[in-house]
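Input: a single structure, listed below in structure tokens.
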Amino acid sequence: MQELGRLEDLPIAYREALTERNLVPLWPSLRGVLPPGQPRPNTRATMWAYSDIKPLLLQAGELTPIEKAERRVLVLANPGHGLEKMQASAAMYLGMQLLLPGEWAPSHRHTPNAVRMIVEGEGAYTTVDDEKCPMSRGDLILTPTGLWHEHGHDGTDPVVWLDVLDLPLVYYMEASYHINGERQEIKPGRGDRAYARGGMVPTAVFNRSSKAYPMLRYPWVEARAALLALAADQSELDAVQVTYVNPETGDDAENILGFYALMLRPGQTLQLPVRSPAVVFHVIEGGADVTIGEQAFSLAEADTCCAPGFTRVSLHNRQADKPSFLFLADESPLHRKLGVYESRG
Ligand code: 1HN
């Protein structure tokens, strides 16, 4: 490949003349912004162990009252982007949030889309768009763009959940902002009940929801049962995976990031196709050895890791006698909408 001219090859006076006029020569940077063959991600394969996070999060609970935090979160930051950027990947933000019994995280809404994957504890709930969404381990709760949300806790023990947002992308677009609101009035009607059975939705002429996001809570009991049923029905199927979708449209549950639950059969090793989007893996139940390119991580329950796009990933169930269950988040909806999605097999 042809070597291109460097910045240093240009006379200082010429470079200064350009700079003064807000002009930049393309050729010294062309290979950087357009690398050959495939991207060079800043996103690094990174793992965050829950055993590291939990004590520090509980300490944050002692150091910082909820009123001083609004959201008490430790961000899972990818060193490849610089920790201060608070990015797990180009488009994904991850954080572990702690809510203590009796605490209240006040109502707000914002442009980035969020979801919460409940990691530990009972008795907390999120109110989203006037709908009360109880939190139990493994539940997925959406707070899509623009919807009011606030968190409360009527239980007795700390509750921890994983937040996944498309904040890095929305911030990069200079479209990120929030508005604080009043405490929501909880209204009857719960999407997790109305849409509880796959293949059946409330009949359009009488009762179809006009909400853009009719289902806000995806209970783990249902996702787990769906995976076990799929595995039993299709014994040859390698990737026992379900996608969290909008039950009215069948589209991805949110616009930018995709969310999935995956079951690894006892002892199974699963090779994932090399694809353009970055992926986050979080263990709901069991444990998994995750190989990302040349790096290997051993994930126990509640551990989380991130893989850059265009990287070979394989997953191995650490349990020989039981299935393991993972939650996945990725940038597929974004890549598809932008027309840059690739799968290289
Ligand atoms: C947010 O609104 C929540 O509502 C959590 O729980 C994490 C990170 C960045 C921006 C907004 C929440 C967030 C967030």
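First listed ligand is number 1; within each ligand, the first listed atom is number 1. Heads up: numbering here begins at 1 and tracks the sequence.
- Close contacts between ligand 1 and Asp163 involve ligand atoms 5 (C), 7 (C) [criterion: under 4.0 Å to a heavy atom].
- Between His149 and ligand 1, at least one pair of N/O atoms sits closer than 3.5 Å.
- The option with the heavy atom closest to atom 14 (C) of ligand 1, from among Thr111, Thr126, Leu165, is Leu165.
- Interface of Leu167 with ligand 1, defined as ligand atoms under 4.0 Å from a residue heavy atom, comprises 9 (C).
- Listed for the Ser29 side chain is no donor-acceptor partner under 3.5 Å among the backbone atoms of Gly32.
- Between Phe327 and His282, the two ring planes are perpendicular [angle over 60°; tilted spans 30° to 60°].
- In this structure, the side chain of Gln268 engages the main chain of Asp238 through a donor-acceptor pair within 3.5 Å.
- Between Tyr93 and ligand 1, not a single N/O pair is under 3.5 Å apart.
- The shortest separation from a heavy atom of Met86 to ligand 1 is not under 4.0 Å, leaving the residue out of contact.
- Residue Arg71 holds the heavy atom nearest to atom 4 (O) of ligand 1 of all those in Glu150, Arg71, Glu70.
- Residues Thr311 and Gly293 come closest through the heavy atom pair CG2-N, 3.5 Å.
- Between Leu57 and Val160 the shortest side-chain heavy-atom distance falls below 4.5 Å.
- Counting protein heavy atoms only, atom 6 (O) of ligand 1 is closest to His151 NE2, 2.6 Å.
- Taking the ring axis of Trp27 as reference, the NZ or CZ atom of Arg6 does not stay both within 45° of it and closer than 6.0 Å to the ring centre.
- When hydrogens are left out, the protein atom nearest atom 1 (C) of ligand 1 is His110 NE2, 3.7 Å; that is the closest non-hydrogen contact.
- Checked by atom type and distance alone, the side chain of Ser107 never pairs as donor or acceptor with a backbone atom of Gly181 at under 3.5 Å.
- Remark: distances from the non-hydrogen atoms of His178 to ligand 1 are all 4.0 Å or more.
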